Amino acid sequence: MLKRWILLLFLCCLTQAANAVLKIDITEGIEGATPIAIIPFKWSGAEKPVDADISAIVSSDLARSGKFSSVPERGLLAQPQRPEDIHFKTWRVAGVDHLVIGAVQKAANGMFKVEFRLFNVYRGEQVLGYSFNATRAMLRTTAHQISDLIFEQLTGLPGAFNTRIAYVTSAGKPAEYRLQVADTDGYNPQTLLTSSEPIMSPVWSPDGSKVAYVSFETGASAIYIHNIRTGEREKIAAFDGINSAPAWSPDGQSLAMTLSKDGNPDIYVLSLRSKALRRVTRHWSIDTEPAWLPDSRSLVFTSSRSGKPQLYQLALDSGSRPRRLTFEGNYNANASVSADGKVIAFVHGAGNSYKIALLNLDTRITQVLTDGPLDESPDFAPNGTMILYASQDRGRAVLAAVSADGRQKQRLALSDGEVREPSWAAKRN
Amino acid sequence: MKRLTLKGGMLIVTAAVLLNGCTQATKPGDEYLDSGADVSEATSGTRIGTIGEADALAGTALAGMKISYEKDAINDPENVLSIKTIYFAYDSSEISEEDVEVIKHHGKYMALHPDVSVRLEGHTDERGTREYNVALADRRAQSVKKLMLFQGPSATQATIISYGEEKPAALGHDEAAWKLNRRVELVYE
């Protein structure tokens, strides 16, 4: 028994060591962002851990959102620890709109008490203040919670820092594929699956507890649903032909997918409760890449029915034909729908260049956000402020993010190997 | 060496069925050409070849290759059956005239060896979206399978797996690599 435990521990350590962390670089644009000063938190009862520097995590979260520019630590005019130490006039003159102070105290029972206060510099008053109790392991999560609270207070939009992302990596020759989940800043990567055959299309359940994906591990494609807490997984679709492109309905009840079991790639909807499978497109061309609208009753999908891939919208119970959405360019595919259903992010191809673009469903205006040449797999952040996507950097596959206004870009790269197909969870579970 | 040949009346039947097959594989809209680089690679329409006749391969890149269907012919580098990779134009599942000949020979071989099975592995280049590419590669493999089955093998002898862009044959981000990656591989088992 003891032996088994030691082996298990050893295996856990191995997994940790083999997990490369995504490194994030902000590559473009901070103009227009709101200046905010995050004063380094004061630590008492314990040394500040290098991997859980709460104020630094909050500072980098807010900067990554594209909506804030955090004053770098060396640029801070002063480092007040208590509210009464803040000299608002000095910060006003320096053009800083908001200021955060905080403290971390380790209690005798080993728990950490984390508190922070957010001040409006112009009004000279506190607008938010919270205190948390956290274990050592939960300190980074606590920092992301603080980022979410500050973000929501100042923008009116829910924060999306304290959730997770899923993605696929490949490295080595022959390639080893991994399905990983990590915090939104790339930390705490965990490997859900390792395979010598391709892994594709990870997508989160709306409650953030499960990931659906395609794996070729049996020598054929199949769709699985993987519970990230228990590690249990269920084979959901393994028909003849392709089993591809799973998409979770926002109400959590159904999984849309692409199957070619009836001879041609078409879209099907599987009820997760009854397991009833319903074919929803019927066309000799390619129909794939379903994405749900917020009502869980309509889909946007890619179809080559006009000759080239274009996006279409289909109301499932209407009996009417799919309505074409995109007309500019000869390659528009792989939609991601914003949580409010107003905007679609997709891959817009022209010549040999594939870029991420947005289509506003009300105005019908298309806006190209990225430069290509091989950008793909766009996925909206749960609050709609950013789009995570896959890109190439000097021939290597990396993840990238762009703010929905196109002003701010960042790159998330593995220290070695390739990373692709990001999916951003709406919730942490 | 014994050569198996098709004769007279049967040839006409085969040709008619093939014509049908090709119509199916290239419905309108499926065979459009991308502007620019790929135009020269694409073909439209399919001439029906004459299986087993001595001049069947004349004037093509296949000229001079052996045609025979012994069990181990697939391993003879001089036999037409040694060609086991079919290439495609960008965003197309249309099979070139020359490859129609190659696939016909494979279909005939399988019909003569019902115990042989083949896996048709569909692939695309890296351009475009990953899931669309899985569907596109599936259609490429389906086109090959349909053509093969007109020669009479059982449908259960050919299985399809579509990898999309996940397993490139050549690395690189240019047409030199892309043209090698848009393919269906015939893997005999």
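Please read these numbers as outputs of a predicted model, since none were measured by experiment. Labels below follow one simple rule: chain letters A, B, ... track the order of the sequence lines, proteins then strands, and each chain is numbered from 1.
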- Query: Does the side chain to side chain contact (heavy atoms under 4.5 Å, CB included) test come out yes or no for A:Thr258 and B:Glu131, once each step is laid out?
  - Reply: CA-CA 9 Å; A:Thr258 304; B:Glu131 288 152 341; over 6 Å; no
- Is it the backbone or the side chain of A:Ile286 that comes under 4.5 Å from a heavy atom of chain B, or both, or neither? both
- Task: Working to the nearest 0.5 Å, report the span between CD of B:Glu126 and CG of A:Leu374.
- Result: 4.5 Å
- Task: Examine whether an atom of A:Arg420 lies under 4.5 Å from a heavy atom of chain B, and if so say whether it belongs to the side chain, the backbone or both; otherwise answer neither.
- Result: side chain
- chain A contacts, top residue of B:Thr129, B:Asp138, B:Thr159 (heavy-atom pairs, under 4.5 Å): B:Thr129
- Message: Quick check: do A:Phe216 and B:Ile161 have side-chain heavy atoms less than 4.5 Å from each other?
- Response: yes
- Query: Which answer fits A:Asp240, side chain, backbone, both or neither, if we ask what part of it has an atom under 4.5 Å from a heavy atom of chain B?
  - Reply: neither
- Message: I'd like to check A:Glu197 versus B:Lys167 (side-chain heavy atoms, cut-off strictly below 4.5 Å). Are they in contact?
- Response: yes
- Task: For residues A:Glu289 and B:Arg130, report the shortest heavy-atom separation together with the two atoms involved.
- Result: OE2-N, 4.4 Å
- Is the closest side-chain heavy-atom distance between A:Met200 and B:Tyr163 below 4.5 Å? no
- B:Glu121 portion near chain A, given a 4.5 angstrom heavy-atom threshold: neither
- Could you grab the distance from atom CD of B:Glu165 to atom CD of A:Glu376, nearest 0.5 Å is fine? 5.0 Å
- Should the heavy atoms of other residues, nucleotides or ligands under 6.0 Å from CZ of A:Arg324 be counted, would the total exceed 12? yes
- Just give me the residue among B:Ala137, B:Ser162, B:Gly128 that pairs up with chain A most often, heavy atom to heavy atom, under 4.5 Å. B:Gly128
- Query: Do you know which of A:Ile242, A:Asp287, A:Val214 has the most heavy-atom pairs under 4.5 Å to chain B?
  - Reply: A:Ile242
- Item | Toward chain A, the part of B:Gln142 with a non-hydrogen atom under 4.5 Å | side chain
- Query: Where on A:Ser244 is there a heavy atom nearer than 4.5 Å to chain B: the side chain, the backbone, both, or neither?
  - Reply: side chain
- Nearest heavy-atom approach of A:Ile199 to B:Glu166 is O-OE1, 4.5 Å
- Message: Is it the case that atom NZ in A:Lys235 sees more than 12 heavy atoms from other parts of the structure closer than 6.0 Å?
- Response: no
- Taking every non-hydrogen atom, the tightest pair across B:Tyr132 and A:Thr288: CA-CG2, 3.8 Å
- Counterpart residues, side chain to side chain donor-acceptor pair (under 3.5 Å), relative to B:Asp125 (two or more places apart): B:Arg127, B:Arg182
- Pairs of heavy atoms under 4.5 Å with chain B: top-ranked of A:Gly263, A:Ser353, A:Ser260: A:Ser260
